[in-house]
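In this text, all values refer to a predicted model and were calculated from it rather than measured experimentally.
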Amino acid sequence: MTERADTLHASRADVWYLKEIAFGRTETKRRLKIITQNFNGPCSFIAICNILILRGHIEVLPYERGTVSYEFLSQLVGEYLLMSCPDIDVTAALSIMPSTTKGLDLNPVFTGATSFRPAGEGGELKLFEQAGIELVHGWLVDPDSEEYRVLQHVRDYDTAVTLIADADHITRGRLLSGDVWGEGEAGSSSQAGSGPSGYAGPSSASDNYSESDREKIEHALVSQAFLDNTKSQLTYHGLFQLASTLQPGSLVALFRNSHLSVLHKREGEDSSLYSLVTDHVFLQEPSVVWERIEDVDGVGSTFVDSDFVRSTPVGGDFAGHTAESALQALEMEGNPDVILARQLQAEEDARSHEIYKRRQQQQEIRQKEEEERKRKNEDSASRKSKKMKDKCLIM
């Protein structure tokens, strides 16, 4: 019975349902079918296909069909690369494509929104380059923060994890248990308080470590604190960088929560960032198309429809929930510890969100001032040009 269930699960996972949405400017808006993701499907390959669909580079036909398979989509993508990029080795691209169905091994750099290691060399990252799709993340350390000096040296996620493991080995398992510098100081060594690293500093017990080991332990503590405080793999500094650097109308692939999604920045006055909702549980919710990213944890995010108007899901507050997850959510509502944790987290998020909003407003003000300055310079140049022409008139 279990074997049959596993086989059924696998067969369903190989077929993805299509959802109809509308996309584009008001005058050029068109209806199209996007691919939804089920059973933790290949988010990287689905993100590539959905971006190409939204850009109008590929189209699922006939329009009436309700599902697609990997074989069907890989042929569409292969044909697109062959027709639009004649200088690309399509055979190599097709050989890379199957690996995207097994998940991506991405290693984001904490100091650059478009930086991953290896930087576009080999593996699935090459396919994004060949398809002309930019891969971004918002897991960035704030340059104004105290931990920036250490994380600039550590650079990326894989290095941070290796550093923490090495430091834990040096301390004989005390780093992850919180008792780094000796018994009785675990509280100060593991709790954020005196510094961004989450430790109060080495005590006399650290004399057992060499200078090199002490530095490695200190850097590991900083890295561990950063990873613990950014479990959503998105920071407010990263969110601000994405909002201020992405071009209006752009469609990119966003790495967040060990998942790839389609990120869109609208053209016009709305500078918000939107993530395409591809979870199959929203297949029958036509008003749920995009999710407006308001904070780093998704608590304040809202769903919008194809016109980017706040949606009204048929499922109400529990749209997208299974019966089990909805019951669990209801039970958690009355837990005092959960309520307190949410309150403290909400206060911290509110402070960070306010900083993010202020930075975004300052950025918009600077952009308007720059545009006004350019307009005045152009007007001044135009008047000077007119005067010069008047002087050159022969009467």
Could you tell me whether a side-chain N or O of [X] sits under 3.5 Å from a main-chain N or O of [Y], the two making a donor and an acceptor?
X      : Y      : answer
Lys265 : Leu242 : no
Arg55  : Leu251 : yes
His137 : Leu234 : no
Asn257 : His259 : no
Asp307 : Val309 : no
Lys19  : Phe282 : yes
Asp297 : Val299 : no
Ser311 : Phe303 : yes
Ser306 : Ala22  : yes
Arg292 : Thr302 : no

Do [X] and [Y] have side-chain heavy atoms sitting under 4.5 Å apart?
X      : Y      : answer
Val150 : Phe226 : no
Ser272 : Arg266 : no
Ser223 : Leu151 : yes
Cys43  : Gln37  : yes
Leu163 : Lys216 : yes
Phe240 : Leu140 : no
Asp142 : Thr235 : no
Leu263 : Leu246 : yes

Which class fits the ring pair [X] and [Y]: parallel under 30°, tilted 30 to 60°, perpendicular over 60°?
X      : Y      : value
His219 : His153 : perpendicular
Phe308 : His264 : tilted
Phe110 : Trp139 : perpendicular

Gap separating the [atom1] atom of [X] from the [atom2] atom of [Y], nearest 0.5 angstrom:
X      : Y      : atom1 : atom2 : answer
Met97  : Leu73  : CE    : CG    : 10.0 Å
Leu81  : His57  : CG    : NE2   : 11.0 Å
Ile21  : Lys33  : CD1   : NZ    : 11.5 Å
Ile58  : Asn50  : CD1   : CG    : 8.5 Å
Ser44  : Leu127 : OG    : CG    : 8.5 Å
Phe255 : Tyr157 : CZ    : OH    : 8.5 Å

Task: Intermediate values then yes/no, side-chain hydrogen bond (donor to acceptor under 3.5 Å, both in side chains), Gln75 and Glu71 - done: CA-CA 6 Å; Gln75 183 177 354; Glu71 288 75 16; over 6 Å; no

For [X] versus [Y], what's the shortest heavy-atom pair and its separation?
X      : Y      : answer
Phe128 : Ala253 : CE2-CB, 3.8 Å
Asn38  : Trp16  : OD1-CD1, 3.2 Å
Arg214 : Tyr209 : NH1-O, 2.9 Å
Leu32  : Leu54  : CD1-CD2, 4.1 Å
Ile53  : Arg30  : O-NH2, 3.4 Å
Ala220 : Ile164 : O-CG1, 3.8 Å

Using the rule that Ile, Leu, Val, Met, Phe, Trp and Tyr join whenever any side-chain heavy atoms are under 4.5 Å apart, tell me whether [X] and [Y] fall into a single cluster.
X      : Y      : answer
Val109 : Val252 : no
Tyr70  : Leu52  : yes
Leu18  : Phe72  : yes

Open item on the list: I'd like to know whether CZ of Arg65 has more than 12 heavy-atom contacts from other residues, nucleotides or ligands below 6.0 angstrom.
Closed with: yes

TODO: Have a look at Ile48 and tell me which of Ile133, Leu260, Leu135, Val262 forms a side-chain contact (heavy atoms from CB on, under 4.5 Å) with it.
DONE: Ile133

Task: Working for side chain to side chain contact (heavy atoms under 4.5 Å, CB included), residues Leu175 and Leu221 - done: CA-CA 8 Å; Leu175 181 121; Leu221 285 166; 4.1 Å; yes

Task: Stepwise side chain to side chain contact (heavy atoms under 4.5 Å, CB included) check, Phe116 with Asn107 - done: CA-CA 5 Å; Phe116 294 84; Asn107 183 22; 5.9 Å; no

Open item on the list: Leu276 vs Trp290, test: side chain to side chain contact (heavy atoms under 4.5 Å, CB included). Steps then yes/no.
Closed with: CA-CA 5 Å; Leu276 185 67; Trp290 299 94; 3.6 Å; yes

- [ ] Please report the C-alpha distance between Val304 and Val289 in whole Å, then the side-chain angles of each, then the deciding distance to 0.1 Å, and finally whether the side chain to side chain contact (heavy atoms under 4.5 Å, CB included) criterion is met.
- [x] CA-CA 6 Å; Val304 298; Val289 179; over 6 Å; no

